[in-house]
Amino acid sequence: MVSYTLKVNGKERQISADEDTPLLWILRDELNLVGTKFGCGIGQCGACTVHINGQANRSCLLKAAALEGMEITTIEGLATDDTLHPVQEAWKEHDVPQCGYCQAGQIMTAASFLAENPAPSGDEIRQAMHGNICRCAAYNRIEKAVATAAKNG
Amino acid sequence: MIEERKKFTFSRRGFIRTSALAGGGILLGVNFLNACKESAQPPVNIANLNFKEFNAFIKIAENGYVTIFSPNPEIGQGVKTSMPMLIAEELDVPWEHVTVEQAGLDTENFTRQVAGGSQSIRHGWEPLRQTGAIAKQMLIQAAAARWEVEPYTCTASNGVITNQAGKQLGYGDVVNDAALLPVPENAVLKDPKDFKIIGKDAINVDVHKIVTGQPLYGLDYTAPGMKYASVLRPPAFGQTLKSFDASEAKKVGGVIDVLKFGDKVAVIANNTWAAMKGKHKLTAQWNDTTLESTEDHDAKLNAILNGSKFEVRREDGNVNSAFSEADSVIERTYESPFLPHNCMEPMNFYANVTAERIHLVGPIQTPAGTAKRIAHVLERDEKEIDLEMTRMGGGFGRRLYGDFAEEAALISNGAKLPIKVVFSREDDMAAGTYRPAIKYRIKAALKDGKVTAYHLKEAAINSNMYGLIPHFFPAGAIKNYKVETGNYQSNITTGAWRAPYTNFLAFAEQSFFDEIAKELAIDPVKLRMDLLDNVNDGEDERIEYSAARMKETIKLAAEKGNWGKAAENVYQGFAAYYSHNTHVAEVVDITLQNGFPKVEKVTVAVDCGIVVNPTGAINQVEGGVIDGIGHAMYGNFAFDNGKPKATNFDAYRLIRMNETPKVETYFVENNLSPTGLGEPGLPPAGGALANAITAATGKRMLTQPFIEHFNTDTREVRG
Ligand code: FES
Ligand code: FES
């Protein structure tokens with residue numbers, strides 16, 4: 001067991017957990033932030049995507065204890081107060097989700113991608129999003145929503 | 001004019017009850033599959049909703065706002081949005097005044113759904129609209145009584161009742177009076193041309209919760225004192241547990257107990273990570289029984305096809321004499337592998353088994369059957385079980401099976417703790433209920449430019465096509481026709497997978513029609529239209545598809561997909577298929593990139609009757625089509641001595657965004673009752689893609705996945 005402090009969605013959180021625990025399980029089981037999803041545990045599906053200092057990262061592969069001092073943002077912290085992030089708005093506008101399980105990860109990937117590339121081409125969107133699996137295959141709408149978010153962002 | 005041939009009927013007598021709510025307003029309880037019991041009464045207090053007697057509740061409050069307590073499990077098919085639309089339409093309230101709600105919560109931050117069974121839009125179509133119409137009728141009666149006029153002189157629209165003198169009352173103004181009225185037997189339903197909500201886009205009711213990451217799914221559920229369990233199961237089908245050693249597992253921080261049940265060992269811990277880590281530290285010895293490999297299945301299925309032990313599922317005319325008189329005969333064998341479901345949310349379930357009650361919560365498509373199963377294994381009374389459904393991170397058939405719920409119940413019972421069983425992805429893929437491997441051998445006799453006989457043999461693992469599938473197209477279109485089946489009993493568990501059987505049967509048959517068309521030198525679309533001309537709708541009770549509707553659907557797809565007019569270097573494939581009461585036709589456009597097929601576009605025409613919620617419907621169709629393309633292209637799941645060769649997404653390939661075609665969906669417009677959309681888009685996709693690949697490369701895709709026909713290093717067609 002080790003103790004450390006994480007900064008999650010702008011708040012300092014005290015953690016006491018096994019040293020090798022991935023951030024994913026700290027978020028879900030310790031901090032009750034269950035918006036970040038478990039899909040594969042090996043970095044293949046993107047369901048667990050969060051932002052570390054603004055960069056999209058796979059929380060199933062990150063050891064939480066190594067993230068002290070970094071800004072961690074989860075899907076629960078993407079909106080500012082009552083204003084949704086443009087990506088979340090676009091997701092609603094296009095009625096993207098089917099089962100919805102993958103969508104938090106998709107949104108987090110899209111948000112960090114658009115921060116780096118605010119005016120992407122269709123091909124750039126398709127490449128940037130290809131690490132996130134949607135088993136329901138809502139891919140056409142995810143693509144459209146990313147393009148809309150780029151326009152409105 | 002296309003007539004509706006089969007209607008779903010429901011018992012109209014007493015399927016609705018009302019009560020005046022304690023806090024004001026009216027509550028309507030509906031039971032839309034069976035009439036309510038004589039004694040059934042909806043509660044006067046919203047906190048006591050009882051979904052055993054009723055499968056939906058509608059509350060109209062004193063401000064006129066409507067709350068619908070939707071009981072249907074949401075797998076991603078959008079029924080939680082589309083079913084309330086039916087009620088709101090006939091009740092005639094603005095959709096903005098309708099909230100779809102969950103029953104009361106027992107933990108602060110969890111949104112749950114209460115068991116009620118999964119009924120499709122097809123079953124709900126009449127009774128849910130009747131419910132809305134009856135409620136509207138009662139509100140009008142209450143207003144008319146207040147005005148002392150005859151009810152028929154009043155009209156209601158957008159939540160407001162108007163009389164001939166132009167006076168108005170809102171629904172909320174009269175709701176308490178309406179609550180005291182007897183329920184009318186019947187109410188007049190709207191003419192579809194007057195629909196205001198049905199046919200308009202309604203966004204998924206859970207979308208805000210989904211995009212903001214609120215707890216919805218089984219994996220998100222928590223309860224006080226809950227512990228997590230990770231289960232070690234036999235690594236191969238055909239193995240049993242000989243012995244195990246838990247000493248290392250127990251040393252893992254956070255692990256609190258290790259429990260053997262049957263051939264499985266559960267590691268119970270304070271959090272998911274500790275449970276998973278603990279499981280990896282278990283060591284176990286296994287006894288081998290029969291360990292099967294993909295090569296064994298291959299040989300068994302071939303032996304069935306080459307043998308003579310079949311069950312005849314449909315037989316018309318005499319195929320043998322037609323074959324002996326034929327000008328030519330074509331025969332092909334099509335093969336598909338096992339497929340795992342891979343729901344994005346791995347299997348999981350919560351159970352708290354105590355001496356008094358059994359509390360079960362999780363993502364399950366069959367709550368009633370699962371409760372029964374658990375009562376049976378625990379030797380308890382079913383009445384002691386409360387089962388609640390959560391939103392599901394995908395279903396595709398996997399969550400019809402309650403094995404994971406049973407595990408949770410057994411572990412909780414043994415450990416005397418509230419337990420949530422969590423599958424890792426590896427557990428989920430290796431302890432599946434797979435789409436069985438199947439082979440089809442199809443033979444057709446051709447004479448004077450016509451198909452005179454059609455003989456299809458199915459060899460499948462564990463079980464065969466069922467219900468009316470043997471009577472799907474081309475049954476009825478070819479005079480001499482025979483479908484027969486055989487199976488091999490394996491110890492690998494198999495079950496329903498999105499569009500069971502037809503998910504592969506459609507591929508085989510639709511590829512085969514293209515071969516016939518080539519042999520007869522006619523256009524593949526024309527071949528299908530000609531065959532459909534032979535069918536007289538309604539002549540054969542067992543034939544559910546409508547030739548007239550199928551032809552309309554085919555025409556629409558061919559027109560919108562520019563069939564036969566592809567741009568240069570674009571190759572097209574066509575398929576049309578009826579399943580789950582819906583007719584679908586698809587045109588697939590591909591190009592070759594360094595010899596490798598790239599699926600550019602799929603044009604889909606769908607006849608699903610009235611489209612209740614277009615945005616939801618299109619989402620379903622797009623998903624089904626891409627799922628069909630993805631699995632036909634990449635889906636492969638092989639066994640080696642009982643062990644799956646792939647257990648995670650590094651080795652098992654699912655389609656990703658950069659491999660995804662654009663899907664354009666068109667609906668055949670008519671006023672017929674709506675039919676399902678979760679599955680029917682999938683079956684034709686693989687066949688249409690196979691035909692496009694053949695058009696591009698000349699090579700026939702007789703086996704799935706298609707990717708194996710290409711050398712992915714050099715990206716050239718192999719063979
Ligand atoms: S759960 Fe982290 S990438 Fe799949
Ligand atoms: S919406 Fe179901 S996995 Fe993406």
Side-chain angles (χ1 to χ4, degrees), chain A residues 1 17-18 20-22 24-26 28-30 32-45 47 74-76 78-79 84 87-89 91-104 107 123 125-127 129-143, chain B residues 74-78 109 201 203-204 206-208 210-217 219-220 222 228 252-254 271-274 276-277 342-346 391-396 422 424-425 615-616 619-620 622-627 630 648-650 654-660 662-663:
Chain A
M1 284 281 246
D18 256 19
D20 60 354
T21 312
L24 169 67
W25 298 112
I26 295 293
R28 292 188 54 87
D29 291 352
E30 305 305 322
N32 204 17
L33 291 168
V34 294
T36 304
K37 298 303 190 214
F38 167 56
C40 67
I42 60 163
Q44 287 284 326
C45 75
T74 70
I75 186 74
E76 291 93 340
L78 191 63
L84 290 185
V87 171
Q88 290 169 308
E89 283 295 352
W91 244 248
K92 283 173 106 170
E93 183 185 329
H94 287 277
D95 192 21
V96 171
Q98 290 190 29
C99 83
Y101 191 81
C102 72
Q103 300 296 347
I107 289 169
D123 262 354
I125 295 174
R126 290 158 65 85
Q127 283 312 322
M129 298 301 297
H130 95 282
N132 286 70
I133 294 175
C134 176
R135 175 65 183 83
C136 301
Y139 292 120
N140 276 204
R141 287 196 178 180
I142 295 170
E143 191 178 332
Chain B
E74 183 61 85
I75 320 168
Q77 295 178 325
N109 54 9
D201 287 344
I203 303 290
N204 181 339
D206 280 338
V207 75
H208 184 81
I210 292 169
V211 304
T212 53
Q214 294 177 41
L216 283 168
Y217 303 90
L219 210 59
D220 305 342
T222 51
Y228 300 78
V252 173
N271 57 65
T272 317
W273 180 246
M276 287 179 171
K277 232 166 65 173
N342 277 326
C343 299
M344 216 55 217
E345 178 193 14
R391 191 180 176 91
M392 304 178 206
F396 314 108
V422 179
S424 65
R425 177 58 57 192
T615 174
N619 215 356
Q620 283 306 303
E622 286 178 359
V625 168
I626 296 172
D627 194 4
N648 207 327
F649 298 136
D650 51 347
L654 284 167
I655 194 166
R656 290 170 182 268
M657 188 187 279
N658 54 338
E659 297 147 348
T660 301
K662 284 227 165 353
V663 181

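From a predicted model like this one, the values you see are computed outputs, not experimental measurements.
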Rounded at 0.5 Å granularity, tell me how far [atom1] in [X] sits from [atom2] in [Y].
{"X": "A/Gln127", "Y": "B/Asn658", "atom1": "CD", "atom2": "CG", "value": "4.5 Å"}
{"X": "B/Gln620", "Y": "A/Cys136", "atom1": "CD", "atom2": "SG", "value": "8.0 Å"}
{"X": "B/Met276", "Y": "A/Phe38", "atom1": "CE", "atom2": "CZ", "value": "4.0 Å"}
{"X": "B/Asn204", "Y": "A/Asp95", "atom1": "CG", "atom2": "CG", "value": "5.5 Å"}
{"X": "B/Thr272", "Y": "A/Ile26", "atom1": "OG1", "atom2": "CD1", "value": "10.5 Å"}
{"X": "A/Tyr139", "Y": "B/Arg656", "atom1": "OH", "atom2": "CZ", "value": "7.0 Å"}

Kindly indicate whether the side chain of [X], heavy atoms from C-beta on, has any atom under 4.5 Å from the side chain of [Y].
{"X": "A/Glu143", "Y": "B/Thr660", "value": "no"}
{"X": "B/Trp273", "Y": "A/Asp20", "value": "yes"}
{"X": "A/Asn140", "Y": "B/Ile626", "value": "yes"}
{"X": "A/Ile42", "Y": "B/Arg425", "value": "no"}
{"X": "A/Glu30", "Y": "B/Asn271", "value": "yes"}
{"X": "B/His208", "Y": "A/Lys92", "value": "yes"}
{"X": "A/Arg135", "Y": "B/Asp627", "value": "yes"}

Give me the atom names and distance for the closest heavy-atom approach of [X] to [Y].
{"X": "B/Val207", "Y": "A/Trp91", "value": "CG2-O, 4.4 Å"}
{"X": "B/Gly213", "Y": "A/Ile75", "value": "CA-CG2, 3.7 Å"}
{"X": "B/Ile210", "Y": "A/Gly100", "value": "CG2-O, 3.6 Å"}

Partner chain A: residue of B/Ile655, B/Asp650, B/Val663 with the largest heavy-atom pair count (under 4.5 Å): B/Asp650
Which portion of [X] sits near chain B, non-hydrogen atoms under 4.5 angstrom:
{"X": "A/Leu84", "result": "side chain"}
{"X": "A/Ile107", "result": "side chain"}
{"X": "A/Asn132", "result": "backbone"}
{"X": "A/Gln103", "result": "side chain"}
{"X": "A/Val96", "result": "backbone"}
{"X": "A/Glu89", "result": "neither"}

Report yes or no: does B/Arg391 contribute a side-chain atom to a donor-acceptor pair with the main-chain N or O of A/Cys99 at less than 3.5 Å? yes
Derivation and outcome, side-chain contact (heavy atoms from CB on, under 4.5 Å), residues A/Ile142 and B/Met657: CA-CA 9 Å; A/Ile142 295 170; B/Met657 188 187 279; 3.4 Å; yes
side-chain contact (heavy atoms from CB on, under 4.5 Å) between A/Arg141 and B/Asn619, worked out: CA-CA 8 Å; A/Arg141 287 196 178 180; B/Asn619 215 356; 3.5 Å; yes
Quick one, B/Phe649 with A/Ile133, criterion side-chain contact (heavy atoms from CB on, under 4.5 Å). Give me CA distance, side-chain angles, the key distance, then yes/no. CA-CA 9 Å; B/Phe649 298 136; A/Ile133 294 175; 3.9 Å; yes
Which atoms of B/Leu654 come close to chain A, meaning under 4.5 Å heavy atom to heavy atom: side chain ones, backbone ones, both, or neither? side chain
Passes side-chain contact (heavy atoms from CB on, under 4.5 Å), B/Met344 versus A/Cys45? Steps please. CA-CA 9 Å; B/Met344 216 55 217; A/Cys45 75; 3.6 Å; yes
Just so I understand: if I count every heavy-atom pair under 4.5 Å between each of A/Ala104, A/Gly39, A/Ala17 and chain B, which residue has the most? A/Gly39
